[in-house]
Amino acid sequence: MGQKTRAIIIAVLLGFGGAASSAEVGPAARNPVMVEQEISLAKSAGIYAVLDLGLKSLELKTRGMTLKRWEVVRSRSWGRAVEPRVYKILKRSTLFPPKRTNITPTPGEEPKDVELGVLELSKMPTHFSINFEEGVRLKVRPKTKNVFKWLRNVGAAIVWYGFLPYKTVWRSVSKKPFTEIEIVAKSEQDARAIYWSFYENLNAVIGK
Amino acid sequence: MAAGLWLAGLGIEAFRPRSEGAKGRSKDAVQKPEALEARLKRMAPKGIFIVIDTGENRLRVMSDGKVEREVVVSCGSGDILDEPGGRRRWQFDTPRGEFEVTSKLVNPTWIKPDWAFIEEGEKPPKDFNSRVDNDSLGDYALGFGDGFFIHGTLYTRLLGRNVTHGCVRVGDKDLEEVFRRVPMGARIFIF
């Protein structure tokens, strides 16, 4: 196969790959299947999440009422199309997870200076993954104007297009389908709040 | 070889079906979207209830879904305390989920638990009276969950920070308003 032919094939496949993996999400009416799934969660006590890729929103809710909402600036997905249903959060992961402080008992001490370390929103990561059941993984990163963080986002794109094709082949061979969804939060503050609010065993309705 | 695998992965992805139908949809799925949304809306909490945002350290008194009042609070620090000797461990988080107001107290008394002594390097006393603290909880307290309270604080400068042992601390004036407005049995949603 000549070099020119090879280049054309790569360009065509990249074109398809780009279109497939950068799923366009625009405003849409709420998917009734998602509403139905949400009703199943809203019936019982507790807090749950709704990630609506069609409406570009991520919400924390209880009994049908929104507690907090974050805008999804853009999203893309790779792998098996996510079936709109309830998924439980199994684990959060990030490069540098926030650490709890171990209190060292000290006789007669005044309340410790908060700067020494409490677990607060400002210490939450801005780039992280949330692993759900059924091989669904949600990656979150913020929109940013910070040069270094922008470079990190470029790195994320390289990983997306560079690594996921290999994962696709491996998972196809091992018959373990997966879904990767990446969302861009409006700001670093929003990304941190999402990490704070989404904890293990929380149920979420994900779909479009 | 690596390039071939990469291209194969791209190819698989490019030609993957994009359908997203739910398998085994229930008959409810054929209901009109408006009917489903209306059903969801009817489930929303009614009357007076509290919403606590532990990340932003804000407490909102809600009435039929609208914010009546928003106040700055302090929520759990997330710190860990291990008992010397390693028998017990405490993790100071404000619990998340749905609760209800189970008690309303005026001039509440704090019966200090063991961790309050261990944290200061002291041995928990056997004498009950040594545990009684009439000052730390402020003028009012609303109980919820397993021994947690929304109560006052001596450390008003720390409101807005995650510094507590799990309870929710409120400034005096705001606490009085919340106490008077929120009835026994009111729902509390914490996230």
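Per chain, numbering begins at 1; letters A, B, ... match sequence-line order.
Using a distance-only test at 3.5 Å, with no hydrogens or angles considered, a donor-acceptor pair links the side chain of A:Tyr166 to the main chain of B:Ala2. Here the side chain of A:Arg63 pairs no donor or acceptor atom with the backbone of B:Met43 at under 3.5 angstrom.
Contact detail for A:Ile39 and B:Leu36: the closest heavy-atom pair is CD1-O, 3.6 Å. Nearest heavy-atom pair across A:Ile47 and B:Ile190 is CD1-O, 2.9 Å. For the residue pair A:Val169 and B:Leu5, the shortest heavy atom distance occurs at CG2-O, 3.3 Å. Looking at every heavy atom in both residues, B:Asn162 comes nearest to A:Leu119 through CB-O, 3.6 Å.
Of the atoms belonging to B:Arg42, not a single heavy atom falls under 4.5 Å from chain A. Residue A:Leu60 touches chain B through its side chain alone, counting heavy-atom pairs closer than 4.5 Å. Contacts of A:Ala42 with chain B are made by both backbone and side-chain atoms, with heavy-atom separations under 4.5 Å. Residue contact with chain B, scored on non-hydrogen atoms closer than 4.5 Å, involves the backbone and the side chain of A:Ser197 alike. Contact annotation for A:Phe163: neither backbone nor side-chain heavy atoms come within less than 4.5 Å of a heavy atom of chain B. Using a 4.5 Å cut-off between heavy atoms, B:Phe92 touches chain A through its side chain atoms alone.
Shown here is B:Lys46, whose NZ atom has more than 12 heavy atoms of other residues, nucleotides or ligands within 6.0 Å. B:Asp146 CG: 12 or fewer foreign heavy atoms inside a 6.0 Å radius. Heavy-atom neighbours of B:Lys112 NZ from other residues, nucleotides or ligands within 6.0 Å: above the threshold of 12. Surrounding NZ of A:Lys167 are more than 12 heavy atoms belonging to other residues, nucleotides or ligands, all under 6.0 Å away.
With chain A as the partner, the residue from B:Arg96, B:Glu37, B:Arg187 showing the most heavy-atom pairs under 4.5 Å is B:Arg96. Ranked by heavy-atom pairs under 4.5 Å with chain B, the list A:Lys68, A:Arg171, A:Lys61 is led by A:Lys68. Ranked by heavy-atom pairs under 4.5 Å with chain B, the first of A:Leu202, A:Thr168, A:Thr66 is A:Thr168. Counting heavy-atom pairs closer than 4.5 Å to chain B, the top residue among A:Pro165, A:Gly64, A:Ser122 is A:Pro165.
A distance of 5.0 Å separates CZ of B:Arg39 from NZ of A:Lys43, quoted to the nearest 0.5 Å. Of the inter-residue distances, the one linking A:Tyr161 atom OH with B:Leu10 atom CG reads 9.5 Å to the nearest 0.5 angstrom. Rounded to the nearest 0.5 angstrom, A:Thr104 OG1 and B:Asp82 CG are separated by 9.5 Å. Here the CG atom belonging to B:Asp93 is positioned 4.0 Å from the CZ atom belonging to A:Arg100, to the nearest 0.5 angstrom. Once rounded to the nearest 0.5 Å, the distance linking CE of A:Met65 with CG of B:Asp64 reads 11.0 Å.
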Evaluate side chain to side chain contact (heavy atoms under 4.5 Å, CB included) for A:Asn102 paired with B:Arg89, printing each intermediate quantity in order. CA-CA 10 Å; A:Asn102 270 78; B:Arg89 164 176 276 209; 4.2 Å; yes

Under the side chain to side chain contact (heavy atoms under 4.5 Å, CB included) rule, what do A:Thr62 and B:Phe191 come out as? Steps first, then yes or no, please. CA-CA 10 Å; A:Thr62 184; B:Phe191 66 93; over 6 Å; no

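Residues of residues 50-62 of chain B lying within less than 4.5 angstrom of chain A, judged on heavy atoms, are B:Val51, B:Asp53, B:Thr54, B:Gly55, B:Glu56 in numerical order. Residues of residues 101-108 of chain B lying under 4.5 angstrom from chain A, judged on non-hydrogen atoms, do not exist.
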